[in-house]
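Scroll down for the structure; my scribbles are underneath it.
Scope of the values below: all heavy atoms of this structure, side chains included, with no hydrogens, waters or symmetry mates.
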Amino acid sequence: MADATDSVSSTTNAVEAPEAKSETKQSTAAAEPKRLWGDEVDDSSDEEPSASTASEDKVVSELNVGELRIEDEEKINTFLDEPEDSNVTAVTSDKTPYTSAKTFEDLNLSPELLKGIYVEMKFQKPSKIQAISLPMILTPPYKDLIAQAHNGSGKTTCFALGMLSRVDPKLKAPQALCICPTRELAIQNLQVVSKMATYTGISSECAVPEEFTASRSRAPVMTQIIIGTPGTIKKWMTIGKLSLRFMKILVFDEADHMLDADGFRDDSLRIMREIRKSSPHCQVLLFSATFSDSVRNFVTRIVEDYNQLFVKKEELSLDAVKQYKVYCPDELAKVMVIRDRIFELGENMGQTIIFTSTKLGASALHKALVELGYDVSTIQGGLDMSARDKIVKEFKDGLTQVLISTDVLARGFDQQQVNVVINYDLPKKHGMRLEPDYEVYLHRVGRAGRFGRKGAVFNLVTAAEKALMEKIEKHFGSQVMEVPPSNSEDDFKAALKAAGLL
DNA sequence: ATTTCGT
């Protein structure tokens, strides 16, 4: 693959940056301390001494990716980095040479898959994260991968292409499995995969709970790519409907949540163990925008000989949107803010998602806003499957402007028209009054400003939540501007203007 | 708390 760069990189253990200039290899890497994937990468200002990036003769590429630094450790680990803005770091586990993909042609994909990428998906070239991760995924020996990727950076494409290119189109048996935390995310991912697969003849289906269908009455799975939620996948496995013998690749979307003790860890591990029993060489990919400390320590124990890729915390999408806080004396004030400010000003701002922490809270807010005469819809896990599907479809079709949601949509939900996110309440760690759930906060924020679009987040904060808000600001080190709740529209107008929405 | 299922 990648014949264009053969002469440069055939003997180096390198993932080349997409826009790497061939002349730029400099020997400045010696002083770089070894950094493991589990280490904190944030808050420490520039650990990358920018003095070494001698900018005189440097052509700044449009992707802002400079040359890679290569450093051989005494161990087999090789360290790859991007000096200029080291927001993506890849760590390979051995000497397997990887060359980053400047184009999709570099990836040795089938012509049918390539056509799907260009014609159906209308992609032109790999995003930064795709350029680096895809060669790691697709180059034999197929190593496991732990990848932290921005919200909306195209990580779905990474594992979708991974699955599609590892599947043998002629073998009519399940060969790729993707596990997601919610039904909605599984359905969304399936839509991406099946669109990408248009010309390949590769089949895909969802393994999610359905309202009127019993698993036991279905035929054994012959679909090649399965995307689903833990419960249904487990069910299909235990009743023998899902053969694992031909499984080549296992993907965890929102991997940190899937492997969090407080999330789906038990289910995920059980599924993974079963697959490894039948298919010991099944490749495992872990993708998420966030990895909490405890999870990333755990994760490195369940995969071995893995490649890894991570980005700095401050690069994780928080800067793409403007964050605001509105101190509200009580809950009524929150409703008034939504009514008088967001709804009144929001006409041309695109769609809005209002997050609540509980199903009850979602229903209560729904009731209040409907009573005020507003047309909102609400989704939460307590609803019928068909109702959930309908509400998501209406929102994705643009028929609904405002959607109230629990954290069922906090992760991964991709709707590019969403420019405003409202935290009706702030995410808290389970059972902890004063401890914010930073990961959920970041994922909620990530629903706005998809793919670098403009966006604004309004945190509606009561006195009881003030400490949470302060901790969140401190944790991310990002400015959350205060907007007064009631004085005049002008403050909100200014906030929305600053966010680029008015 | 939230998610997913089973029972």
(message) By the 4.0 Å heavy-atom rule, please label A:R270 as base, sugar-phosphate, or nothing.
(response) nothing
(message) If I take atom CD1 in residue A:I179 and atom P in nucleotide B:dT4, what distance separates them, rounded to the nearest angstrom?
(response) 15 Å
(request) Take atom CG of A:L383 and atom P of B:dT3, then tell me their distance rounded to the nearest Å. (result) 10 Å
(request) Working to the nearest 0.5 Å, report the span between OG of A:S165 and CE of A:M163. (result) 10.0 Å
(message) Would you say CG of A:L360 has more than 12 non-hydrogen atoms from neighbouring residues, nucleotides or ligands within 6.0 angstrom?
(response) no
(message) Rounding to an integer number of Å, can you tell me how far A:H430 NE2 sits from B:dT2 P?
(response) 10 Å
(message) Counting only heavy atoms and a strict 4.0 angstrom limit, can you tell me which residues of residues 353-361 of chain A come near DNA chain B?
(response) A:S357, A:T358, A:K359
(message) I'd like to check A:L269 versus A:F298 (side-chain heavy atoms, cut-off strictly below 4.5 Å). Are they in contact?
(response) yes
(message) Output the rounded distance in Å from CZ (A:R447) to C1' (B:dT2).
(response) 15 Å
(request) Measure the distance from CG on A:D260 to C1' on B:dT4 and round it to the nearest whole Å. (result) 14 Å
(message) Show every salt bridge (charged side-chain N to carboxylate O under 4.0 Å, His left out) that has at least one partner inside residues 221-250 of chain A, sequence neighbours left out.
(response) A:K234-A:D267
(message) By nearest atom, which of the nucleotides B:dT4, B:dA1, B:dT3 is closest to the A:T406 side chain?
(response) B:dT3
(request) For A:V208 and A:T229, work out which heavy atoms get closest and say how close. (result) CA-OG1, 3.8 Å
(request) Go through the structure and list residues passing salt bridge (Lys or Arg N to Asp or Glu O under 4.0 Å) with A:D253, not counting sequence neighbours. (result) A:K155
(request) Go through the structure and list residues passing side chain to side chain contact (heavy atoms under 4.5 Å, CB included) with A:K334, not counting sequence neighbours. (result) A:C328, A:E331, A:Y424, A:D425, A:L460, A:T462, A:E465
(request) To the nearest Å, give me how far apart CE (A:M385) and C1' (B:dT4) are. (result) 8 Å
(message) Strictly below 4.0 Å: does A:R388 bring a side-chain N or O up to OP1 or OP2 of B:dT4?
(response) yes
(message) Any base atoms under 4.0 Å from A:D437, or only sugar-phosphate, or nothing? Heavy atoms, all strands.
(response) nothing
(request) Run the numbers on A:F492 and A:F458 for ring pair (Phe, Tyr, Trp, His ring centres under 6.0 Å), then give the verdict. (result) CA-CA 10 Å; A:F492 273 83; A:F458 291 92; 5.5 Å; yes
(message) So, under a plain 3.5 Å distance rule, would you say the side chain of A:D425 forms a donor-acceptor pair with the base of B:dA1?
(response) no
(message) Any base atoms under 4.0 Å from A:P427, or only sugar-phosphate, or nothing? Heavy atoms, all strands.
(response) nothing
(request) Report the distance from atom CG of A:D256 to atom P of B:dT2, rounded to the nearest whole Å. (result) 19 Å
For residues 368-385 of chain A, run the donor-acceptor check on the side chains, cut-off 3.5 Å, and write out each pair with its distance to 0.1 Å, sequence neighbours left out.
residue: A:Y374; atom: OH; partner: A:E344; partner atom: OE2; Å: 3.3
residue: A:T378; atom: OG1; partner: A:H366; partner atom: ND1; Å: 2.4
residue: A:Q380; atom: OE1; partner: A:G382; partner atom: N; Å: 2.7

(message) By the 4.0 Å heavy-atom rule, please label A:R183 as base, sugar-phosphate, or nothing.
(response) sugar-phosphate
(message) Just to be sure I understand the geometry, which residues of residues 223-235 of chain A put a non-hydrogen atom under 4.0 Å away from DNA chain B?
(response) A:T229, A:G231, A:T232, A:K235
(message) For the residue pair A:K396 and A:F413, would you count it as a cation-pi contact if the rule is NZ or CZ under 6.0 angstrom from the ring centre and within 45 degrees of the ring axis?
(response) yes
(request) Measure from CD on A:Q380 to P on B:dT3 and round the result to the nearest Å. (result) 7 Å
